[in-house]
Enquirer: 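After the structure tokens below, expect a handful of questions from me.
Letters A, B, ... mirror the listed sequences (proteins, then strands); counts begin at 1. Values reported hereafter were calculated over all heavy atoms of this structure, with side chains retained and with hydrogens, waters and symmetry mates removed. Since the model is a prediction, treat every value here as computed from it, not as a measurement.
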Protein chains: 2
Amino acid sequence: MLDSPFDAPPTNGAQRRHVMDRTGGAQAGSGHPDAVGFRPLYRQVYDTLLKRLADAVWQPGQILPSEGQLAAELGVSQGTVRKALDALTADSLLVRRQGRGTFVADHDDKQSVFRFFKLRPDREGAGMPTSRVVAIAEAAASADERGRLDLVRSARVVRIERLRALDGRLCLIETISVPASLFPGIAQMELPNTLYSLYAIRFGITIATANERLKAVALGAREAGLLEVAAGLPALEVDRIAVDLEDRPVEWRLSICLTQELHYRSVLR
Amino acid sequence: MLDSPFDAPPTNGAQRRHVMDRTGGAQAGSGHPDAVGFRPLYRQVYDTLLKRLADAVWQPGQILPSEGQLAAELGVSQGTVRKALDALTADSLLVRRQGRGTFVADHDDKQSVFRFFKLRPDREGAGMPTSRVVAIAEAAASADERGRLDLVRSARVVRIERLRALDGRLCLIETISVPASLFPGIAQMELPNTLYSLYAIRFGITIATANERLKAVALGAREAGLLEVAAGLPALEVDRIAVDLEDRPVEWRLSICLTQELHYRSVLR
DNA sequence: AAGTGGTCTAGACCACGTG
DNA sequence: ACGTGGTCTAGACCACTTC
């Protein structure tokens, strides 16, 4: 925990032991309010809790200490803890349930799977997507991979190629590249359907956001063969960079999707 | 304003005139806490302010009364008003600026245009998109249009066809259908580049969200001609239903986009 | 200096879930 | 009955903008 060398007493003059820094890193009481940016307390609490989540101090699905306990531990008011917890919830890293407690978001339950899987059948339905690994291998990172994943020249990656189906219909083929250094031994593992829960549980890497670029392309011969349709068909190419809690790009995923009876769903707010 | 026939005094027993209903529509003090859903105060404030926005009580870009004034007017605490204002800000209906005030979001400024325009050049750049109307006409709503826009059988629509360009390059053709009843006279108007600001200013209709379905399709002869490229090219079809503050579908927009040098950007959180 | 939103606190009560 | 998160209040102070 941070600790300030100085602090102004709260209004009521009551005793308080400060655990978080009240000044945003700037020294207070030393002449001027300091030019450096102001950093609210709840933001520091947010960062502290985020760090613990990134370090997997609490496992997915597990319950956190109550607001009051966290407030006491960190030396701030319950309201300030609440604001940080609400922000983490908004970032879908936590789930809060009235009367029960605050939990680490478990990105393996049904609704969470669809957080990063945007393909839906045109006519209602949509069970869980299934996957079959076509190929998996470790190799030196290509120039593209180094660029997209921010890797040094000597870096190695693990490449995974998977076919995925929705409601029993083949719908896409995806090529996934991850830095071998971040995911040691992943090439030898049994891969679950939802890779991101493996990243979280086995490697302590939580995917926070993903940036996708979509294009319409003509299906190549190889992809067409694997997807069991004719080459040249229009297909949706989804180029995704997934980013972890520390804002590092940790996965590059290129998907080719059939959209004859499916669509990609996007909600603009 | 709502007014409750009964209210429990606040803890300190100070005088309070209640303007908002404290009971969520259920009568309090009459034996049981009522089975009907609980409705928090800040939610009522949210709805009240939302209604005023929908009724265009304040114009886009205009400043709202301060938190304190709204709190006094509505008979709630400043913190409760703040929570409602924060929620409206999160829904990007308001913009708050520290030291200045709270403003009605102006969806005409540069960053807001891109809220609903997701096409970006592959290589950096991206000035404002431009538009040219190809056709505009009123007609009886088709079965598709009635279904998508929730219209009765006799309803009429205005259809607008536009070509749009980005950085001087033709990039898409879009067919827009809106209910004629909601937009009287729109067929005779000069159409601005950003239609949604026209909807807001001239018709008091604010687009809150848009749901899009994306597919890859082969370019038809007509679209190819208008876009000045070869027919059969893969293109991105974007099927959008835009919804207003009252959750009514108010626009159906079908776009065919060239994605040879552009992509559709999507951020997953 | 005055006014606005932003942060923080302390405490009360409410709704929800589980014993 | 108890503990949790959720709501609401009142008041103080901070940071930013404008006059």
Enquirer: Does the distance from a Lys or Arg side-chain N to an Asp or Glu carboxylate O, for A/E212 and B/R265, drop under 4.0 Å?
Expert: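 No, A/E212 and B/R265 are not salt-bridged.
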
Enquirer: Strictly by modelled atom types, are B/R240 and B/S255 linked by a side-chain donor-acceptor pair under 3.5 Å?
Expert: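 Checked: B/R240/B/S255 side chains show no N/O donor-acceptor pair below 3.5 Å.
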
Enquirer: Using heavy atoms to find the nearest nucleotide of DNA chain C for A/R100 and A/P40 separately, return the residue whose nucleotide is more 5′.
Expert: A/P40

Enquirer: Can we say A/E67 and A/R96 salt-bridge, meaning some charged N sits less than 4.0 Å from an Asp/Glu carboxylate O?
Expert: yes

Enquirer: Using only side-chain N and O atoms of B/T102, determine if any of them is under 4.0 Å from OP1 or OP2 of C/dT4.
Expert: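 No, outside the criterion.
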
Enquirer: Where along residues 59-68 of chain B does a heavy atom fall under 4.0 Å from DNA chain C?
Expert: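 Residues of residues 59-68 of chain B that come under 4.0 Å of DNA chain C are, in numerical order, B/S66, B/E67.
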
Enquirer: List in chain and number order the residues that pass ring-ring contact (aromatic ring centres under 6.0 Å, His included) with A/F116, two or more places apart in sequence or in another chain; answer none if no residue qualifies.
Expert: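 Counting only residues at least two positions away or on another chain, A/F116 forms a ring-ring contact (aromatic ring centres under 6.0 Å, His included) with A/Y196.
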
Enquirer: Rounding to an integer number of Å, can you tell me how far A/L94 CG sits from D/dG5 P?
Expert: 11 Å

Enquirer: Answer yes or no: is there a donor N or O on one side and an acceptor on the other, between the side chain of B/H107 and the main chain of B/T194, under 3.5 Å?
Expert: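 Pair absent, no side-chain N/O of B/H107 close to backbone of B/T194.
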
Enquirer: Going by an N to O cut-off under 4.0 Å, is there a salt bridge joining B/E73 and B/R52?
Expert: yes

Enquirer: So which of A/D47, A/D55, A/T48 actually passes side chain to side chain donor-acceptor pair (under 3.5 Å) with A/K51?
Expert: A/D55

Enquirer: Tell me which nucleotide among D/dG6, C/dG5, D/dA10 gets nearest to the side chain of A/R96.
Expert: D/dG6

Enquirer: Ignoring the backbone of B/Y42, work out which of C/dT9, D/dA15, D/dC8 is nearest its side chain.
Expert: D/dC8

Enquirer: Which of residues 79-88 of chain B have a heavy atom under 4.0 Å from DNA chain D?
Expert: B/T80, B/K83

Enquirer: Tell me: CD of A/Q78 to C1' of C/dC8, nearest whole Å?
Expert: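 Going from A/Q78 (CD) to C/dC8 (C1'), I get 13 Å.
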
Enquirer: When the distance from CD of B/Q98 to P of D/dC13 is rounded to whole Å, what number comes out?
Expert: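 After rounding, the reported distance stands at 18 Å.
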
Enquirer: Kindly say whether A/Q59 contributes a backbone atom to a donor-acceptor pair with the side chain of A/Q62 at under 3.5 angstrom?
Expert: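 Flag set: sc A/Q62 to bb A/Q59 pair under 3.5 Å.
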
